[in-house]
Amino acid sequence: MALTKPRIIELLLITTVPVMFLAEQGVPDLKLVLLTCVGGYLSAGGANALNMYIDRDIDALMDRTSQRPLVTGMVSPVECLVFGITLAVVSTLLFGLTVNWFSAWLSLGALLFYVVVYTMILKRRTSQNIVWGGIAGCLPVLIGWSAVTNSISWAPVILFLVMFFWTPPHYWPLSMKVKDDYARVGVPMLPVIASNKVVAKQIVIYSWVMVVVSLLLTPLGYTGWFYTAVALLAGGMWLWEAHGLQNRAKAEATGTKLKEMRLFHWSITYVSVLFLAVAVDPFLR
Ligand code: HEM
Ligand SMILES: CC(C)=CCC/C(C)=C/CC/C(C)=C/COP(=O)(O)OP(=O)(O)O
């Protein structure tokens, strides 16, 4: 369970199931929802296990990850590798045989993107690692839509982009807090190589783009007034917090506390609230 990072998968599924309601414009087949959640859990769980296998060297050296099963020795590297590969195979077959092969390839693609492109290539090489690596975390949105429709359309692409622009403001605050850990193991997270002021400015820019993109669903006819009201309210509160972080970063020299974790925690609440509105909106139109 620990190898699969279950709490992160909870939110990944929260970005998947509402999109199934949106695709269905109502209540989707509940067996399909269950199969998609099980497949998604196994796929993201396999991805996270393989990420832990690859990162076991640096996870042993960072405080935040020092209690992970491969670091404490509770699980051996080979067991973790076999576990991750097994989940990758089982999840792809489960999607292919019980949902559809389009979703199966999207799921395997997300897993490979996260394990190879993010974890093996980008993470230790560039400060843009989580910007592009974040694409893996946006794919569950497309999987939710394709599980119901066996296709893609503008609605899931817009929500994919919301998650894409959501990722840096989600993660850079946390990496601001633990940047010494990342510096020690040589992972060039943006806060390691740029000042908090620069990172905070980037977070504000990504936040504005995320909020604007989130409002495109209604003009394109996919959602109604309820979703729009939630997206405006939650987006406004997000921008307020992002500008607050930027102001605190500017005033840090005078002893102001950064309080960066506020935005990190809010990033998780925002996704939950926004996607809940996506699921409820079809019933209020
Ligand atoms: C490349 C993209 C992402 C990166 C680098 C990232 C990074 C992280 C890290 C390092 C943590 C702390 C976990 C820990 O210390 O154990 C975290 C927490 C979390 N992330 Fe992200 N994340 C990304 C994308 C996502 C996505 C797409 C979702 C869900 C839609 C998500 C949901 C969460 C949740 C719910 C937590 C809190 C977990 C807890 O409370 O233990 N993250 N993220
Ligand atoms: C359907 C499917 C396979 C989706 C994949 C989505 C997925 C697994 C997203 C994970 C996002 C995440 C927590 C990245 C952190 O990696 P990290 O290595 O930076 O974090 P760490 O330092 O805590 O290990």
Side-chain angles (χ1 to χ4, degrees), residues 2-19 36-71 84 87-88 91-92 94-95 103-120 122-124 127-144 146-147 159-160 162-178 181-182 185 187-190 261 264-272 274-275:
L3 289 175
T4 61
K5 298 184 196 171
R7 299 246 320 244
I8 289 172
I9 297 179
E10 256 172 54
L11 200 66
L12 288 169
L13 294 178
I14 286 176
T15 66
T16 306
V17 174
V19 176
T36 304
C37 285
V38 172
Y41 180 89
L42 294 175
S43 174
N48 284 328
L50 292 172
N51 167 275
M52 285 202 190
Y53 173 77
I54 295 160
D55 280 349
R56 63 191 186 281
D57 56 337
I58 57 173
D59 281 353
L61 303 175
M62 296 198 294
D63 300 343
R64 178 176 60 80
T65 54
S66 57
Q67 295 313 311
R68 288 185 167 173
L70 287 193
V71 177
L87 288 190
S91 59
T92 305
L94 183 78
F95 267 118
S103 306
W105 300 133
L106 278 175
S107 170
L108 183 61
L111 181 144
L112 291 174
F113 192 91
Y114 176 62
V115 173
V116 178
V117 176
Y118 173 68
T119 310
M120 294 170 75
L122 295 177
K123 182 172 174 179
R124 305 190 194 196
S127 65
Q128 297 305 306
N129 47 14
I130 60 110
V131 174
W132 303 106
I135 287 173
C138 306
L139 285 166
V141 164
L142 300 189
I143 294 167
S146 66
L159 289 168
F160 172 103
V162 168
M163 291 308 292
F164 179 79
F165 294 113
W166 169 87
T167 301
H170 159 66
Y171 189 57
W172 278 337
L174 176 60
S175 49
M176 275 175 170
K177 182 167 153 252
V178 298
D181 257 2
Y182 280 119
V185 297
V187 171
M189 285 291 171
L190 187 64
M261 291 307 281
F264 174 76
H265 293 300
W266 175 231
S267 74
I268 293 160
T269 310
Y270 173 83
V271 164
S272 311
L274 192 79
F275 279 84

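All values reported here derive from a predicted model rather than from experimental measurement. Counting starts at 1 for both ligands and their atoms, following the listed order.
Interface of Leu111 with ligand 2, defined as ligand atoms under 4.0 Å from a residue heavy atom, comprises 3 (C). Close approach of ligand 2 to Asn51 is summarised as follows: ligand atoms under 4.0 Å from at least one heavy atom of the residue are 18 (O), 24 (O). Within ligand 2, counting atoms from 1 as listed, the ones closer than 4.0 Å to a heavy atom of Asp55 are 18 (O). Of all atoms in ligand 2, listed by their number and element, those nearer than 4.0 Å to a heavy atom of Ala44 are 3 (C). Annotation for ligand 2: atoms under 4.0 Å from non-hydrogen atoms of Lys5 are 16 (O), 20 (O), 21 (P), 23 (O), 24 (O). For ligand 2, the atoms lying closer than 4.0 Å to a non-hydrogen atom of Ile8 are 13 (C). Listed by atom number, the atoms of ligand 2 under 4.0 Å from Ser43 heavy atoms are 1 (C), 2 (C), 3 (C). For ligand 2, the atoms closer than 4.0 angstrom to any heavy atom of Arg64 are 21 (P), 22 (O), 23 (O).
At a cut-off of 3.5 Å, with distance as the only test, a side-chain donor of Tyr114 or Asn51 sits close to an acceptor on the other residue. Residues Arg64 and Tyr182 have side chains that bring a donor and an acceptor to within less than 3.5 angstrom of each other. In this structure, a donor-acceptor pair under 3.5 Å is present between the side chains of Tyr41 and Thr4. If you check the side chains of Ser146 and Ser103, you find a donor sitting under 3.5 Å from an acceptor.
Closest to atom 7 (C) of ligand 2 among all protein heavy atoms lies Leu12 CD1, 4.0 Å. Shortest contact from atom 2 (C) of ligand 2 to any protein heavy atom: Ala110 CB, 3.6 Å. Protein heavy atom at the shortest distance from atom 18 (O) of ligand 2 is Lys123 NZ, 2.7 Å. Counting protein heavy atoms only, atom 8 (C) of ligand 2 is closest to Asn48 OD1, 3.5 Å. Distance from atom 5 (C) of ligand 2 to its nearest protein heavy atom, with residue and atom name: Ala136 O, 3.9 Å. Remark: minimum distance from atom 19 (O) of ligand 2 to any protein heavy atom is reached at Tyr118 OH, 2.6 Å.
His170 has its side chain within reach of Ile268: a pair of non-hydrogen atoms, C-beta onward, lies under 4.5 Å apart. Counting heavy atoms from C-beta outward, Val187 and Ile58 have side chains that approach closer than 4.5 Å. Using a 4.5 Å cut-off on side-chain heavy atoms (C-beta onward), Ile130 and Met189 make contact. Tyr53 places none of its side-chain heavy atoms less than 4.5 Å from the side chain of Val115.
Selection from Met52, Arg68, His170 by nearest heavy atom to atom 21 (P) of ligand 2 gives Arg68. When the heavy-atom distances from atom 10 (C) of ligand 2 to Tyr114, Phe113, Phe95 are ranked, the shortest goes to Tyr114.
Across Pro69 and Met52, no two heavy atoms sit closer than the pair CD-SD, 4.3 Å. Across Thr167 and Gly134, no two heavy atoms sit closer than the pair CG2-CA, 4.0 Å. The minimum heavy-atom distance between Ile54 and Arg124, with the atom names listed, is O-NH2, 3.3 Å.
For Gln128, the CD atom sits in a packed shell: over 12 heavy atoms of surrounding residues, nucleotides or ligands are nearer than 6.0 Å. Within 6.0 Å of NZ on Lys5 lie more than 12 heavy atoms contributed by other residues, nucleotides or ligands.
You'll find the ring centres of Phe164 and Trp132 inside the 6.0 Å limit.
Protein residues with any heavy atom under 4.0 Å from ligand 1: Arg7, Ile8, Leu11, Leu12, Thr15, Arg64, Arg68, Tyr118, Ile130, Gly133, Gly134, Gly137, Met163, Trp166, Thr167, His170, Tyr171, Leu174, Phe264, Ile268.
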